[in-house]
Amino acid sequence: EFIKEVSGFSVLEQSVKDKLHVDHVVVVPGNSDELDWVKQEMGKAAVDFLRSILHANQTIAVTGGTSMAAVAEMMTPLERAENCMFVPARGGLGERVENQANTICAEMAKKANGEYRLLYVPDPLSEESYQSIIGEPSVKEILHLIKQADVVIHGIGDAWTMAQRRKASGKILQRISDGNAVSEAFGYYFNQTGDVIHKVRTVGLQLEDLDNSQCVVAVAGGKSKAQAIISYFKQGKSNVLVTDEGAAKELIRD
Ligand code: F6P
């Protein structure tokens with residue numbers, strides 16, 4: 001506590017908490033837009049947070065993206081959380097393999113000495129395949145685990161950046177721009193006031209399912225993501241934010 005006071009980050013963390021109405025905020029020094037190691041520091045802070053809350057036999061749902069990849073990179077054995085199960089939150093969302101939820105989930109589980117289950121779904125998914133896939137017993141079984149996850153840990157992206165990174169079609173890009181989407185998380189695109197503008201069709205966690213989890217942790221930083229973070233938190237679905245100084249200082253401005 002004393003060290004935190006000295007560094008001044010407890011004040012910044014409190015301001016972010018008040019601004020976003022969340023239970024807990026962790027701010028690491030630096031701006032991850034500029035320095036890669038700041039993202040690893042966020043990853044480490046997220047691992048420390050998980051270590052402080054996880055119990056044995058819990059299920060943790062994880063999303064994809066480079067921030068989650070940094071969490072997996074920094075993961076270490078979770079002594080108090082024996083027998084934990086890691087699952088991907090949602091099916092394919094158009095990320096490269098190393099940034100996909102499945103890949104990240106398997107790496108996290110291995111480093112944490114936990115178990116994992118994966119979701120194999122084609123990406124993108126047609127309405128027809130969607131209907132048949134959710135009827136598959138093996139998919140049903142993992143969907144059940146996902147929807148009952150005790151802890152969810154996820155990234156938040158800038159809407160336009162994510163749509164481009166996923167090579168979204170012209171029609172979808174149009175919808176995102178017409179709807180003034182600002183943020184993206186779990187395959188949902190949100191506008192400035194937190195309304196859903198577009199949703200990627202895939203199986204897995206739905207926004208409503210987050211209400212069942214006791215702890216939903218967002219890991220997102222970089223000055224360029226400040227508006228996206230504000231937009232995403234308007235829904236009030238996550239109660240913890242692990243971020244960096246670059247995003248924190250920007251998002252409390254005004
Ligand atoms: O695509 C998965 C995802 O978690 C998105 O929901 C989110 O917008 C993005 O990754 C965040 O990625 P990054 O941490 O690389 O900015």
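Each ligand, and each atom within it, is numbered from 1 in the order the structure gives. Keep in mind the model is a prediction, meaning the values are calculated, not measured.
- Of all protein heavy atoms, the one lying nearest to atom 12 (O) of ligand 1 is Arg165 NH2, 3.0 Å.
- Ligand-side atoms of ligand 1 in range of Phe186: 6 (O), range being under 4.0 angstrom from any heavy atom.
- Those atoms of ligand 1 with a heavy atom of Gly157 less than 4.0 angstrom away are 7 (C), 8 (O).
- Ranked by closest heavy atom to atom 9 (C) of ligand 1, the top entry among Met162, Lys39, Gln100 is Met162.
- Of the candidates Val71, Thr66, Ile153, Thr66 brings a heavy atom nearest to atom 13 (P) of ligand 1.
- A 4.5 Å side-chain heavy-atom check between Asp195 and Phe190 finds every atom pair outside the cut-off.
- Closest to atom 14 (O) of ligand 1 among all protein heavy atoms lies Ser67 OG, 2.6 Å.
- Only the side chain of Lys225 comes within contact range of ligand 1, with a heavy atom under 4.0 Å; no backbone atom does.
- Counting heavy atoms under 4.0 Å from ligand 1, residue Ile156 touches it through the backbone alone.
- Results of the side-chain hydrogen bond (donor to acceptor under 3.5 Å, both in side chains) test with Tyr188 over Gln235, Arg90, Gln206 single out Gln206 as the only residue that passes.
- Taking a 6.0 Å sphere around NZ of Lys234, one finds it holds more than 12 heavy atoms contributed by other residues, nucleotides or ligands.
- Residue contacts with ligand 1: Glu184 is included, with a non-hydrogen atom under 4.0 Å away.
- Glu127 CD: more than 12 foreign heavy atoms inside a 6.0 Å radius.
- No side-chain donor-acceptor contact under 3.5 Å links Asp23 to the backbone of Val240.
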Under the salt bridge (Lys or Arg N to Asp or Glu O under 4.0 Å) criterion, do Asp209 and Lys147 qualify, and how do the steps go?
CA-CA 6 Å; Asp209 298 328; Lys147 286 173 187 285; 2.9 Å; yes
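- When hydrogens are left out, the protein atom nearest atom 2 (C) of ligand 1 is Glu95 OE2, 3.3 Å; that is the closest non-hydrogen contact.
- Close contacts between ligand 1 and Thr63 involve ligand atoms 4 (O) [criterion: under 4.0 Å to a heavy atom].
- Contact check on Glu250 versus Lys225 returns no salt bridge, with no Lys/Arg side-chain nitrogen under 4.0 Å from an Asp/Glu carboxylate oxygen.
- For the pair Glu184 and Arg166, the salt-bridge criterion is met [side-chain N within less than 4.0 Å of a carboxylate O].
- Near Ala185, meaning under 4.0 Å from any of its heavy atoms, are these atoms of ligand 1: 6 (O).
- Ranked by closest heavy atom to atom 4 (O) of ligand 1, the top entry among Gly64, Gly155, Ala89 is Gly64.
- Looking at Arg166 against ligand 1, only its side chain comes within 4.0 Å, counting heavy atoms.
- Leu145 places none of its side-chain heavy atoms less than 4.5 Å from the side chain of Glu141.
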